[in-house]
Undergrad: 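Here's a structure for you.
Note on naming: letters A, B, ... go to the chains in the order of the sequence lines (proteins, then strands), and numbering restarts at 1 for each one.
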Amino acid sequence: MIIVKDLHKKFEDNHVLRGVSYHIHPGEKIVIVGPSGSGKSTFLRCLNLLETPTSGEVWFDGQNITDPKTNINEVRRHMGMVFQHFNLFNNLTIMDNITLAPIKHKMMSEEEAKETALKLLQRMGLSEKADAYPSSLSGGQKQRIAIVRSLAMSPKVMLFDEPTSALDPEMVGEVLAVMKELADSGMTMVVVTHEMGFAREVGTKVLFMDEGVIMEENTPREFFANPQSPRLKEFLSKVL
Amino acid sequence: MEWINSVWQHIDAAFIRENRWQLYLKGLGVTMQVAVAAAVLGIVIGTIVAFMKISVKKNGKPTILSRIANIYIDIIRGTPSVLQLLIMWFIVLKSCQNGVLVASITFGINSGAYVAEIVRAGILAVDKGQTEAGRSLGLTQVQTMRYIVLPQAFKNILPPLGNEFIVLIKETAIVGYVSLKDLTRVSHQMTSALYDQFTPLIGAAVIYFVVIKILTILLAKLERRLRKSDNR
Ligand SMILES: Nc1ncnc2c1ncn2[C@@H]1O[C@H](COP(=O)(O)OP(=O)(O)O)[C@@H](O)[C@H]1O
Ligand SMILES: [Mg+2]
């Protein structure tokens, strides 16, 4: 579904991604862990071209999206993204946050979009928040709405960049529960996180990123039971 | 009692006799006309220039448009507005005899440079995450600007824009240089007609002050309301 070929990214002299290649299949849940500053976010943001790679290619659904001729806006409709800081649109109600993109893309009529949004909100138990503004929501609620906003586009893959890192501890659970449910429904997911429990339980593969490369990749069981590189051993000893 | 009488004489001569207050009112009318026209033009120019200035190429380098915008802002900020006015009146728009028009255009172009900075700062103050979320949903840059960034930037822009208008009202006091009879000019002429410097000048200052005070209070109210409706 997503194929990454020898991806490099430099910010001026800072060589952040140093040759990342990876193949993500439909239905997989790829969990990415690694020390801060290792390039996890940059890698994730290269997948939907929020960052433009310096070199290398990203293929999505058989299309080279790093080709400048690709209509990236069209591609992004099929790739949801959830941010560490939620990034709900502050000037719009929850309902409008969810329906803006589907309506502007003419994927649905306004009524259909609202109906879809309400159904998704009901599933989250947040339907009474439809007319509220983001500022009145708790962090956990915001992040669940952000997930709903992406899901309203019926994406083929969902990218998560530390979705629980900005949350108070008591709210982490509700967001992880939604993500688990999403995983069980068969969604293809790429998740950057520090939640090792989630990686173990939900991941089909766990990647260790360090110094701009995928240093190690394994099934969750092997990843945690038999880390190979000294760097990963050291990392795990710190976070577990 | 003597001095009260004398003060009254001066006030009477400067403002009341022969309905002279009407001259000041007319002058204030000219002042406001130029200020409002300049403000409108300044907002149009400033908005365009702000977008020129924030435009970047794919590789992150500034565009030619943004260079032009910078040069314009530099020139306006680096020269006295009196000179800008004289240059427009005697050189650039020499053939135009309409002083109000020339003054409005001059101050519009002048104000545009400051408005550009206000608009630019207002847009840049909107969290980058808002744009990223919009783009990640497949919205175009223009759609993201229009539906998400600008509505939020507007709240940042409105208060300093009001301030800019107040500055404009005071700045236009130099339009006497191109023989416009604005409030300042009227009061100045009155001093030589009456051999009384004090009363007309102080009177004009009071009028400016009251107008600006009222605008400042309205602006503060607006600001409070914006803050209250702030959904961040
Ligand atoms: N927009 C940017 N401009 C310049 N440097 C950046 C930018 N984004 C990230 N970096 C740098 O890239 C490196 C990796 O960042 P990031 O991908 O966010 O790491 P991680 O998500 O693993 O913590 C860091 O050194 C960071 O400073
Ligand atoms: Mg990160």
Undergrad: Quick one: closest heavy-atom pair of A:Asn73 and B:Arg135, and the distance?
TA: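 Closest approach of A:Asn73 to B:Arg135: OD1-NH2, 3.2 Å.
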Undergrad: Under 4.5 Å from any heavy atom of chain B, what part of A:Phe83 do you find: side chain, backbone, both or neither?
TA: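 Side chain of A:Phe83 only, per the 4.5 Å heavy-atom cut-off to chain B.
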Undergrad: Heavy-atom distance under 4.5 Å between the side chains of A:Met153 and B:Leu137, does that happen here?
TA: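 Touching, per the 4.5 Å side-chain cut-off.
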Undergrad: If you define the side chain from C-beta out and look only at heavy atoms, does anything of A:Asn90 sit under 4.5 Å from B:Asp127?
TA: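 Side chain of A:Asn90 against side chain of B:Asp127, heavy atoms only: no contact under 4.5 Å found.
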Undergrad: Considering all heavy atoms of both residues, which atom of B:Gly138 and which atom of A:His105 are nearest to each other, and what is their separation?
TA: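 So the minimum-distance heavy-atom pair works out to O-CE1, 3.0 Å.
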Undergrad: Using a cut-off of 6.0 Å, state whether more than 12 heavy atoms not belonging to B:Tyr177 lie near its atom OH.
TA: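 Count not over threshold, so no.
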Undergrad: A quick test of your reading: do over 12 heavy atoms of other residues, nucleotides or ligands sit less than 6.0 Å from OH of B:Tyr72?
TA: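 Above 12, so yes.
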Undergrad: Just verifying a value: how many Å separate A:Leu50 CG and B:Glu132 CD, rounded to the nearest 0.5 Å?
TA: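 One finds 5.5 Å between CG of A:Leu50 and CD of B:Glu132.
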Undergrad: What part of A:Arg45 is in contact with chain B, defined as an atom under 4.5 angstrom from a non-hydrogen atom: side chain, backbone, both or neither?
TA: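 Contact with chain B is through the side chain of A:Arg45 alone.
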Undergrad: Distance from B:Thr131 atom OG1 to A:Asn87 atom CG, nearest 0.5 Å?
TA: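 With rounding to 0.5 Å, OG1 (B:Thr131) is 9.5 Å from CG (A:Asn87).
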Undergrad: For A:Glu110, is the CD atom crowded, meaning more than 12 foreign heavy atoms sit under 6.0 Å from it?
TA: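 Not buried by this count: 12 neighbours or fewer within 6.0 Å.
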Undergrad: Below 4.5 Å from any heavy atom of chain A, which atoms of B:Gln143 appear? Answer side chain, backbone, both or neither.
TA: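 Contact with chain A involves the side chain of B:Gln143 alone.
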Undergrad: Below 4.5 Å from any heavy atom of chain B, which atoms of A:His85 appear? Answer side chain, backbone, both or neither.
TA: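 When you check distances to chain B, no heavy atom of A:His85 falls under 4.5 Å.
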Undergrad: Is it the case that more than 12 heavy atoms not belonging to B:Ile64 sit under 6.0 Å from its CD1 atom?
TA: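 Open.
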Undergrad: Mark yes when over 12 heavy atoms from residues, nucleotides or ligands other than B:His188 sit less than 6.0 Å from its NE2; otherwise mark no.
TA: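 No, the 6.0 Å shell around NE2 holds no more than 12 heavy atoms from other groups.
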Undergrad: Give a yes or no on this: more than 12 heavy atoms of other residues, nucleotides or ligands lie within 6.0 Å of atom CD of B:Gln141.
TA: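 No, because the 6.0 Å sphere around CD of B:Gln141 holds 12 heavy atoms or fewer from other groups.
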Undergrad: So, taking the atom named CG in B:Leu139 and the one named CZ in A:Arg77, what distance separates them when rounded to the nearest 0.5 Å?
TA: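 Going from the CG atom of B:Leu139 to the CZ atom of A:Arg77 covers 9.0 Å.
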Undergrad: Relative to chain B, which segment of A:Leu88 carries a heavy atom at a distance below 4.5 Å: side chain, backbone, both, or neither?
TA: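 For A:Leu88, the contact with chain B is made by the backbone alone.
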